[in-house]
Peer 1: 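The structure under discussion is supplied below as structure tokens; questions concerning it will follow.
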Amino acid sequence: MLRILRHLLTPAWVLDRVFPASVLAAIEQAVKASETRHRGELRFAVEAGLDLADLRQGVSARERAVEVFSRLRVWDTEENTGVLVYVQWLDRRVEIVADRGIAARVAQAEWDGICRQMELAFRSGRFEQGAVDAVKAVGDLLTRHFPARPDNPNELSDRPVLLR
């Protein structure tokens with residue numbers, strides 16, 4: 001019940017305090033820099049809380065991340081190399097969802113390690129550094145498995161999304 005109240009009573013603008021324009025710009029720059037090294041496409045999304053319907057159904061951060069992956073069309077890349085870094089702020093959960101082209105080569109345990117590091121940084125108040133480090137770590141994995149080619153189009157927006 002406490003979780004439901006927290007989600008329903010926390011305004012979406014709380015994200016503006018934790019992820020102000022300067023932090024979003026740093027994340028965007030990290031995504032741009034990362035994507036020059038590999039063929040993957042990164043999206044970064046942050047959501048303050050879930051709505052009542054999701055809360056009543058007990059939707060987990062992972063389930064919501066998969067839904068956001070679809071909603072943001074992260075799957076819509078030529079090589080199926082989209083990756084979503086999803087932050088569910090109120091539950092302090094981070095999830096990484098990779099498209100099937102990447103999931104076939106990178107184990108979920110590797111993504112989970114990046115998520116836990118980001119959560120650790122967030123718990124200590126290092127929001128910008130935690131997010132930027134996570135983007136770099138995702139980029140390192142993608143560079144190992146999907147190095148850039150001369151023709152390396154930018155298929156998805158690099159701008160982080162605050163879901164309201």
Peer 1: At their closest point, which heavy atom of Ala134 faces which heavy atom of Met118, and how far apart are they?
Peer 2: CB-SD, 3.5 Å
Peer 1: Tell me if a side-chain donor or acceptor on Arg39 pairs with a main-chain N or O of Pro147 at a distance below 3.5 Å.
Peer 2: yes
Peer 1: Closest approach of Lys136 and Arg37, non-hydrogen atoms and distance?
Peer 2: O-NH2, 3.7 Å
Peer 1: Donor-acceptor pair, distance only, cut-off 3.5 Å: does the side chain of Gln88 make one with the backbone of Ala48?
Peer 2: yes
Peer 1: Using the rule that two of Ile, Leu, Val, Met, Phe, Trp, Tyr join whenever any of their side-chain heavy atoms come within less than 4.5 Å, decide whether Leu162 and Tyr86 are in one cluster.
Peer 2: no
Peer 1: Would you indicate whether the side-chain heavy atoms of Val74 and Leu156 approach each other to under 4.5 Å?
Peer 2: yes
Peer 1: Nearest 0.5 angstrom please: Arg56 CZ to Leu50 CG, how far?
Peer 2: 14.5 Å
Peer 1: Spell out, yes or no, whether Phe44 and Val94 are grouped together once hydrophobic residues are joined by side-chain heavy atoms under 4.5 Å, including indirect joins.
Peer 2: yes
Peer 1: Any chance you could lay out the side-chain contact (heavy atoms from CB on, under 4.5 Å) test for Val135 and Leu42, step after step, and finish with the verdict?
Peer 2: CA-CA 8 Å; Val135 168; Leu42 275 66; 3.8 Å; yes
Peer 1: Taking atom CZ of Arg159 as the centre, report whether more than 12 heavy atoms of other residues, nucleotides or ligands fall under 6.0 Å from it.
Peer 2: no
Peer 1: Where the side chain of Asp99 meets the backbone of Gly101, is there a donor-acceptor pair that is under 3.5 Å apart?
Peer 2: no
Peer 1: Ignoring hydrogens, what is the shortest heavy-atom contact between Thr10 and Val14? Give both atom names and the distance.
Peer 2: CG2-CG1, 3.2 Å
Peer 1: For the pair Leu142 and Ile102, evaluate side-chain contact (heavy atoms from CB on, under 4.5 Å) and give the outcome as yes or no after the intermediate values.
Peer 2: CA-CA 8 Å; Leu142 291 174; Ile102 293 172; 3.4 Å; yes
Peer 1: For Arg164 and Pro11, indicate whether the former's side chain and the latter's backbone hold a donor-acceptor pair under 3.5 Å.
Peer 2: no
Peer 1: Taking all non-hydrogen atoms of both residues, which atom of Leu72 and which atom of Arg43 are closest, and how far apart?
Peer 2: O-NH1, 4.2 Å
Peer 1: When rounded to the nearest 0.5 angstrom, what distance separates CZ in Arg93 from OG in Ser60?
Peer 2: 8.5 Å
Peer 1: Contact between Leu8 and Leu55 at the side-chain level, heavy atoms closer than 4.5 Å - yes or no?
Peer 2: yes
Peer 1: Distance from Glu95 atom CD to Glu63 atom CD, nearest 0.5 Å?
Peer 2: 10.0 Å
Peer 1: Using a 3.5 Å distance criterion without hydrogens, assess whether the side chain of Glu41 forms a donor-acceptor pair with backbone atoms of Glu155.
Peer 2: yes
Peer 1: Indicate if Leu24 and Leu163 have the same hydrophobic cluster label, given that clusters are the connected sets of ILVMFWY residues with side-chain heavy-atom separations under 4.5 angstrom.
Peer 2: no
Peer 1: How far apart are the closest heavy atoms of Phe19 and Phe122, and which atoms are they?
Peer 2: CZ-CZ, 3.9 Å
Peer 1: Please output the side-chain donor-acceptor pairs of residues 104-115 that fall under 3.5 Å, not counting sequence neighbours, one pair per line with the distance.
Peer 2:
residue : atom : partner : partner atom : Å
Arg105  : NH1  : His145  : O            : 2.8
Gln108  : OE1  : Arg62   : NH2          : 3.4
Gln108  : NE2  : Asp112  : OD1          : 3.0

Peer 1: Would a single hydrophobic cluster contain both Val85 and Val66, if residues Ile, Leu, Val, Met, Phe, Trp and Tyr are joined by side-chain heavy-atom contacts under 4.5 Å?
Peer 2: no
Peer 1: Less than 4.5 Å apart, any side-chain heavy atom of Arg6 and any of Asp91?
Peer 2: yes
Peer 1: Side chains of Val138 and His38, heavy atoms from C-beta outward: is any pair under 4.5 Å?
Peer 2: no
Peer 1: Tell me whether Ser34 contacts the main-chain N or O of Ala30 through its side chain, where contact means a donor paired with an acceptor under 3.5 Å.
Peer 2: no
Peer 1: So, for Trp75 and Ser70, which heavy atoms are closest and what is the spacing to 0.1 Å?
Peer 2: NE1-O, 3.4 Å
Peer 1: Decide whether Phe146 and Ile96 are clustered together by the hydrophobic rule: side chain heavy atoms of Ile, Leu, Val, Met, Phe, Trp, Tyr closer than 4.5 Å, transitively.
Peer 2: yes
Peer 1: Can you tell me if Ser124 uses its side chain to pair, donor with acceptor, with the backbone of Ala121 under 3.5 Å?
Peer 2: yes
Peer 1: From His7 NE2 over to Leu2 CG, what is the distance, rounded to the nearest 0.5 angstrom?
Peer 2: 9.5 Å
